[in-house]
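Below: the structure, in structure tokens.
All of these numbers come straight from a predicted model, not from anything done at the bench.
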Amino acid sequence: METPGGSAGETPLYGGSSMEPTELHSAPSAMLADYPPVHGFQDAKNLVCMESGKLWAIAGPIAFNILCNYGINSFTSIFVGHIGDVELSAVAISLSVIANFSFGFLLGMGSALETLCGQAFGAGQVELLGVYLQRSWIILVGSCFCIMPLYIFSAPILKLLGQRHDIAELAGKFSIQIIPQMFSLAINFPTQKFLQAQSNVAVLAWVGFMALIVHIGVLFLFVRVFRWGVTGAAAAYDVSAWAIALAQVIYIVGWCKDSWKGLSWLALKELWPFVKLSVASAVMICLEIWYFMTIIVLTGHLEDPVIAVGSLSICMNLNGWEGMLFIGINAAISVRVSNELGSGHPRAAKYSVFVTVAESLIIGIVCMILIILTKDHFAMLFTSSEKMQKAVSKLAYLLAVTMLLNSVQPVISGVAVGGGWQALVAYINLACYYVIGLPLGFLLGYKTRLGVQGIWMGMIFGTFLQTVILCVIVYKTNWNDEVAQASERMRKWSGISDEADTK
């Protein structure tokens with residue numbers, strides 16, 4: 001297989017030999033050569049070991065960071081859950097609906113950097129990363145002001161959506177109190193993508209770990225010692241979120257000298273094309289995250305909504321722990337694919353995808369088995385209510401299936417981000433989730449009296465269909481074409497191609 005940079009297929013990388021670098025670089029030395037073809041079991045074994053090392057060197061710290069960040073949400077629910085069932089349901093609604101709405105939108109907007117920074121870094125155009133980062137900050141802060149009315153008017157919105165009056169009022173109060181946390185995401189997400197694109201991820205793990213420890217301490221102080229209740233939980237949530245964002249900015253300004261050259265007026269140029277790519281990324285991710293949010297809302301219309309919402313929220317919370325691990329893998333495969341496409345290495349991008357999907361599937365199977373084995377016990381982490389624990393136990397098998405599906409789907413979505421396919425995936429998500437999954441869940445939940453189990457079954461079918469379609473697309477992808485498109489994207493965004501072509 002010929003690559004744009006030369007005949008990489010002739011390079012015996014698996015045997016450890018070297019070759020002359022292709023014309024592209026300036027790129028990192030680890031990406032100077034494409035992978036050679038696989039011609040047997042030994043080649044495949046060496047490939048898996050080599051690619052696993054590269055993948056987990058990125059995915060491990062990212063996953064740990066995201067798990068720590070998610071732990072901030074989870075421990076907030078745990079502390080509030082021991083105040084009372086109504087408080088648990090209200091905070092779960094706020095975090096799952098209102099905060100998840102902004103989380104999904106801002107994460108999606110920030111994910112444009114995964115494509116641009118990853119491919120720019122792979123192509124050796126490191127100086128562009130700081131400019132992209134500043135553009136993303138500007139766009140995301142502006143987006144926060146657009147989202148803020150959702151927080152301010154969350155109580156009447158939740159009532160309009162059918163939530164019980166007392167749950168909606170308390171959720172609305174909590175949502176207003178966590179507005180500062182939303183603005184922290186506008187700084188947090190772009191800095192994460194900036195560091196991830198360079199595989200500079202160890203600092204993310206340390207920041208996440210320290211923030212989680214601080215959050216647990218502040219939660220204990222505000223909720224248990226000062227007895228500020230839900231207000232104390234919101235205050236701890238805000239403090240921890242801004243601690244993460246500011247720590248990452250300080251690291252970038254102080255230690256990322258190659259990719260951060262200071263504030264630049266270039267960040268104000270080409271904002272509209274950047275906005276369009278950011279919106280495409282946001283729509284792709286939001287359609288998925290809002291899908292799960294909508295299921296929580298539908299559950300609020302069932303009989304005994306406190307138990308229905310609470311039990312589903314506990315399962316979603318636990319599913320989120322696994323989901324955060326795979327979001328880490330999602331980010332890692334996005335970095336690997338975008339870096340390799342930017343470097344002109346189609347075979348390395350393809351093999352990276354295959355290895356990652358296989359390893360993620362194994363992890364998903366292990367998680368599924370653990371949930372089934374502990375189905376009668378894990379709810380005790382979140383609630384002391386025996387009624388709530390029994391409701392959670394009934395959902396355990398659906399949670400197990402969801403965890404299996406979620407082991408593959410985020411990986412394929414990461415490939416889409418790395419390759420710049422956001423718009424295509426957005427259409428697929430819209431069809432599978434909102435045209436098929438949600439209507440089916442509504443019918444099963446309300447027309448067959450399956451309740452929350454029926455709603456979740458519809459969700460699972462939509463996720464399964466989306467995963468199958470994306471797997472087929474990835475399998476049929478022409479990676480040489482993807483390299484060409486990445487090169488064209490770099491010429492467009494760097495602004496130097498026209499000058500080069502005229503020489």
query = Quick one: does Leu133's side chain get under 4.5 Å of Lys193's, heavy atoms only?
reply = no
ask   = Is a side-chain donor or acceptor of Ser352 paired with a backbone partner of Ala348 at a separation under 3.5 angstrom?
value = no
note = Tightest non-hydrogen contact, residues Ile412 and Val474, listed as CG2-CG2, 3.7 Å
task = For Phe194 and Phe121, run ring-ring contact (aromatic ring centres under 6.0 Å, His included): C-alpha distance rounded to whole Å, both residues' side-chain angles, the deciding distance at 0.1 Å, then the answer.
result = CA-CA 10 Å; Phe194 174 89; Phe121 184 73; 9.7 Å; no
Over all atoms of both residues, closest heavy-atom pair of Arg336 and Leu55 = CG-CD1, 4.4 Å
query = Checking side-chain contact (heavy atoms from CB on, under 4.5 Å) for the pair Ser94/Ile178: CA distance, chi angles, key distance, verdict?
reply = CA-CA 9 Å; Ser94 179; Ile178 62 172; 4.0 Å; yes
message = Under 3.5 Å, is there a donor on one side chain and an acceptor on the other for Trp479 and Glu340?
response = no
request  = May I ask you to check whether over 12 heavy atoms, not counting those of Phe209, lie within 6.0 Å of atom CZ?
outcome  = no
inquiry  = Check whether Glu322 reaches the backbone of Leu318 with its side chain - one donor and one acceptor, N or O, closer than 3.5 Å.
reply    = no
ask   = Out of curiosity, Ile372 CD1 to Leu399 CG, how far, rounded to the nearest 0.5 Å?
value = 9.5 Å
note = Nearest heavy-atom approach of Val201 to Leu195 is CG1-O, 4.5 Å
task = Would you check, one step at a time, whether the test side-chain contact (heavy atoms from CB on, under 4.5 Å) holds for Gln192 with Ile62?
result = CA-CA 9 Å; Gln192 280 188 7; Ile62 293 176; over 6 Å; no
note = Nearest heavy-atom approach of Ser407 to Leu361 is OG-CA, 3.8 Å
For a quick test of your reading: what N or O donor-acceptor pairs under 3.5 Å do the side chains of residues 211-226 make, sequence neighbours left out?
residue	atom	partner	partner atom	Å
His215	ND1	Ala236	O	3.3
His215	ND1	Ser240	OG	2.8
His215	NE2	Ile72	O	3.1
His215	NE2	Thr76	OG1	3.0

ask   = Name the one of Leu470, Val357, Val353, Val425 that satisfies side-chain contact (heavy atoms from CB on, under 4.5 Å) with Val415?
value = Val353
task = Give, for atom CE of Met403 and atom CD1 of Ile365, the distance between the pair rounded to the nearest 0.5 Å.
result = 14.0 Å
note = Between Ser77 and Leu88 the two heavy atoms that sit nearest each other are O-CD1, 3.7 Å
ask   = With a 4.5 Å limit on heavy-atom distance, are the side chains of Ser184 and Ile244 in contact?
value = no
Check: Val408 and Phe326 side chains under 4.5 Å, non-hydrogen atoms = no
inquiry  = How about CH2 on Trp206, more than 12 heavy atoms from neighbouring residues, nucleotides or ligands closer than 6.0 Å, or not?
reply    = no
request  = Starting at CZ of Phe174, measure out to CG of Leu95 and round the result to the nearest 0.5 Å.
outcome  = 5.0 Å
request  = Starting at CE of Met459, measure out to CZ of Phe464 and round the result to the nearest 0.5 Å.
outcome  = 14.0 Å
inquiry  = Pair Glu169, Lys159 - check salt bridge (Lys or Arg N to Asp or Glu O under 4.0 Å), show working.
reply    = CA-CA 8 Å; Glu169 284 291 337; Lys159 292 176 185 177; 2.2 Å; yes
ask   = What residue pairs, at least two apart or across chains, pass side-chain hydrogen bond (donor to acceptor under 3.5 Å, both in side chains) with a residue in residues 139-148?
value = none
inquiry  = Please check this pair: side chain of Thr467 against backbone of Thr463, looking for a donor-acceptor N/O pair closer than 3.5 Å.
reply    = yes
ask   = Can you tell if the side chain of Thr448 reaches within under 4.5 Å of the side chain of Leu443, non-hydrogen atoms only?
value = no
inquiry  = Determine whether a donor-acceptor pair (N or O, by modelled atom type, separation under 3.5 Å) exists between the side chain of Ser154 and the backbone of Tyr151.
reply    = yes
ask   = Is the shortest heavy-atom distance from the side chain of Asn188 to the side chain of Trp242 under 4.5 Å?
value = no
query = Would you say the side-chain atoms of Ser334 pair up with the backbone N or O of Asn330, donor to acceptor, closer than 3.5 Å?
reply = no
ask   = Roughly how far apart are Ile139 CD1 and Gln134 CD, rounded to 0.5 Å?
value = 12.0 Å
message = When you compare the side chains of Tyr237 and Asn73, does any donor N or O come within less than 3.5 Å of an acceptor on the partner?
response = yes
query = Any idea how Phe183 and Phe145 line up, ring-wise: parallel (<30°), tilted (30 to 60°), or perpendicular (>60°)?
reply = perpendicular
request  = Tell me, with the steps shown, if Leu140 and Cys144 meet side-chain contact (heavy atoms from CB on, under 4.5 Å).
outcome  = CA-CA 6 Å; Leu140 265 66; Cys144 285; 5.7 Å; no
ask   = For the atom pair CE (Met380) and OG (Ser385), what is the distance rounded to the nearest 0.5 Å?
value = 12.5 Å
query = Counting heavy atoms not belonging to Tyr251, are there more than 12 under 6.0 Å from its OH?
reply = yes
Heavy-atom donor-acceptor pair, Ser175 side chain to Ala171 backbone, under 3.5 Å = yes
request  = Mind running side-chain contact (heavy atoms from CB on, under 4.5 Å) on Leu129 and Gln198 for me, showing each step along the way?
outcome  = CA-CA 9 Å; Leu129 272 64; Gln198 305 168 72; 3.4 Å; yes
key: Heavy-atom donor-acceptor pair, Gln453 side chain to Lys394 backbone, under 3.5 Å   = yes
query = Do Ile187 and Trp137 have side-chain heavy atoms sitting under 4.5 Å apart?
reply = yes
ask   = How about Gln248 and Val203: do any of their side-chain heavy atoms sit closer than 4.5 Å?
value = no
note = Heavy-atom nearest pair, Leu204 first then Asn65, reads O-ND2, 2.6 Å
ask   = Tell me, do Trp456 and Leu444 make a side-chain contact under 4.5 Å, heavy atoms counted?
value = no
